[in-house]
Every structure is written in C-alpha cells, then in structure tokens.
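Here the structure comes first, spelled out in structure tokens, and everything after it is commentary.
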Amino acid sequence: MKKIVFSFFLAALISACASNPPASQTDYNPKEQSRIRLYGQNGKPTLMRYSLSGQEIKVNVGGGMGDAFSSFVGTAKSQSIGIPSTRISNNVGDQNGILAKAFYKEFAVPSTSALRIQSNLIGMANFSPSGQAVSYSPRCSSKEFSFQPETGKDYEVASIVNQQGCAVVVFEVQANGEIKPITR
C-alpha cells in the first residue's frame with residue numbers, strides 16, 4: 001500500500017514539475033500577443049489549443065496530473081500575469097467542489113493564431129456494495145469554441161454545466177474588470 005501511495009505522489013510531483021509553466025509578466029508583449037485566463041479543477045478541466053510556428057500547442061488547466069492532484073488536496077493556486085480581476089476571478093472559490101478546488105491560470109498567447117477552447121466535466125458514479133449506482137454525475141464535453149484573439153486584449157473563459165450539458169463562454173476583459181461575451 002505504501003508503494004502505491006508513494007508512486008501516486010511521485011507521479012503527481014513529476015507531472016506538476018513538467019506541466020505548462022505560466023507565462024511571466026515579462027513574457028507578455030501587448031504589441032504581438034493577447035492574454036487569456038483559463039479555469040480548472042479536479043474533474044473539470046479547460047483545454048486550449050493553437051498553432052505557433054507550425055507546431056500545435058496544447059494547454060490543459062485542471063486535467064493534468066499535477067493540477068488535478070493539487071485541486072484534489074486543496075493546494076491549487078491561481079496564477080496571474082496581470083489580467084484585470086473580474087467578478088468571476090474574484091469569486092473563483094464559489095466553484096469549489098468536494099475534493100475539487102477551483103483555480104485559474106493566465107497565459108500570453110499569439111494574436112496570429114486562432115484559439116480553440118473546450119471544457120469538460122469528468123463524470124463519476126458511486127456504487128453500493130451490491131453494485132447499484134448510488135449517485136451519478138454525467139460526463140460531458142463542450143463544443144469547441146474557436147476565436148481569433150486581438151492583439152493587446154485580455155480574455156477569460158468560463159465553463160457552464162447544467163441539465164443541457166457543457167458549454168464554454170469566452171469573454172473579453174476590459175481594463176476596469178468588466179466582461180463582455182465574444183461571439184463568433
């Protein structure tokens with residue numbers, strides 16, 4: 001048992017060290033890039049993909065082993081590179097679940113490539129000793145939302161989960177922290 005726990009801890013530690021490091025404030029060039037805030041938590045990751053110099057870049061906030069583990073144990077921390085606070089980011093703790101602390105990470109992204117965003121809910125089922133489902137939460141993935149970021153602008157991605165399924169909404173963040181939805 002000790003070997004299993006140690007192996008899980010070691011895998012989480014290695015994964016946390018190898019995950020996408022957040023861009024620092026100095027990495028952001030508002031004349032060539034935009035910034036985006038992605039939310040995640042254990043069981044509810046947000047995925048972003050884009051092309052950079054012919055290579056596909058994949059960002060996973062909340063779904064990697066390090067993010068999921070830190071969310072699970074409640075040590076996940078939000079990481080900012082300077083996007084103004086919004087009512088969503090100020091209340092990120094409202095999204096906390098059982099063993100799933102919500103957090104966000106901000107990234108500088110090129111304004112020359114479309115961003116493709118998707119959110120997911122990894123469903124769970126709990127069973128009684130007799131094998132009957134005691135509780136069940138469905139699994140769903142949003143449709144991919146694609147948009148072209150504008151140079152020097154800030155964005156925030158919110159995931160919505162309700163009876164109709166999963167959806168993702170992208171907002172432009174104003175300098176005063178107000179948000180307005182991006183439409184295609």
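What you see below is based on every heavy atom in this structure, not just the backbone, and it leaves out hydrogens, waters and symmetry mates.
Taking a cutoff of 4.0 Å between a charged side-chain nitrogen and a carboxylate oxygen, R49 and E144 qualify as a salt bridge. Look at R87 and E156 and you find no salt bridge, because none of the NZ, NE, NH1 or NH2 atoms lies under 4.0 Å from a carboxylate O. Of the charged side-chain nitrogens involved, none lies within less than 4.0 Å of a carboxylate oxygen, so that R37 and D154 do not count as a salt-bridged pair.
I179 places a side-chain heavy atom less than 4.5 Å from the side chain of I88. Considering only heavy atoms from C-beta on, K101 stays 4.5 Å or farther from V73 through its side chain. Counting only heavy atoms from C-beta outward, the side chains of L38 and M48 approach each other to under 4.5 Å. For the pair V59 and F107, the minimum side-chain heavy-atom distance is below 4.5 Å.
S70 contributes a side-chain N or O that, together with a main-chain N or O of G66, makes up a donor-acceptor pair within less than 3.5 Å. Judged purely by atom type and a 3.5 angstrom limit, E106 uses its side chain to pair as donor or acceptor with the backbone of I83. At least one donor-acceptor pair closer than 3.5 Å links the side chain of D67 to the backbone N or O of G62. Distance alone, capped at 3.5 Å, is enough to place a donor-acceptor pair between the S71 side chain and the N42 backbone.
Minimum interatomic distance between S113 and P149 (heavy atoms only, all atoms of both residues): O-CD, 3.4 Å. Nearest heavy atom pair, residue E172 against residue Y155, reads CA-CD2, 3.9 Å. Closest approach of F103 to A76, counting heavy atoms only: CD2-CB, 3.5 Å. T151 and P30 make their closest contact through CG2-O, 3.0 Å (heavy atoms, listed as atom of the first residue, atom of the second, distance). The shortest heavy-atom contact between P110 and S51 is CG-O, 4.3 Å. The minimum heavy-atom distance linking F171 with I182 is given by the pair C-CG1, 4.1 Å.
A donor atom on one side chain and an acceptor atom on the other are not found under 3.5 Å apart for S111 and Q33.
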Hey, mind stepping through N120 and L47 against side-chain contact (heavy atoms from CB on, under 4.5 Å) and telling me if it holds? CA-CA 8 Å; N120 296 281; L47 311 171; 3.3 Å; yes

side-chain contact (heavy atoms from CB on, under 4.5 Å) between V168 and I160: does it pass, once the steps are laid out? CA-CA 6 Å; V168 65; I160 299 169; over 6 Å; no

K44 vs S119, side-chain contact (heavy atoms from CB on, under 4.5 Å): CA-CA, chis, key distance, verdict: CA-CA 7 Å; K44 194 176 175 187; S119 66; over 6 Å; no

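With values rounded to the nearest 0.5 angstrom, Q118 atom CD is found 10.5 Å from N60 atom CG. Here L52 contributes atom CG and T112 contributes atom OG1; the two are 7.0 Å apart, rounded to the nearest 0.5 Å. Note that CD1 of I36 and OG1 of T46 are 9.5 Å apart. Values are rounded to the nearest 0.5 Å. N29 CG to K31 NZ: the interatomic distance, rounded to the nearest 0.5 Å, is 7.5 Å. Note that CG of N91 is 11.0 Å distant from CG of N96, once rounded to the nearest 0.5 Å.
The ring pair (Phe, Tyr, Trp, His ring centres under 6.0 Å) analysis of residues 73-93, with sequence neighbours excluded, yields no pairs. For residues 35-66, the set of pairs meeting the ring pair (Phe, Tyr, Trp, His ring centres under 6.0 Å) definition, not counting sequence neighbours, comprises Y39-Y104.
Aromatic ring pairs are classed by plane angle as parallel below 30°, tilted from 30° to 60° and perpendicular above 60°; the pair F147 and F145 is tilted.
Annotation for E56: atom CD counts as buried by contact number, over 12 foreign heavy atoms lying within 6.0 Å.
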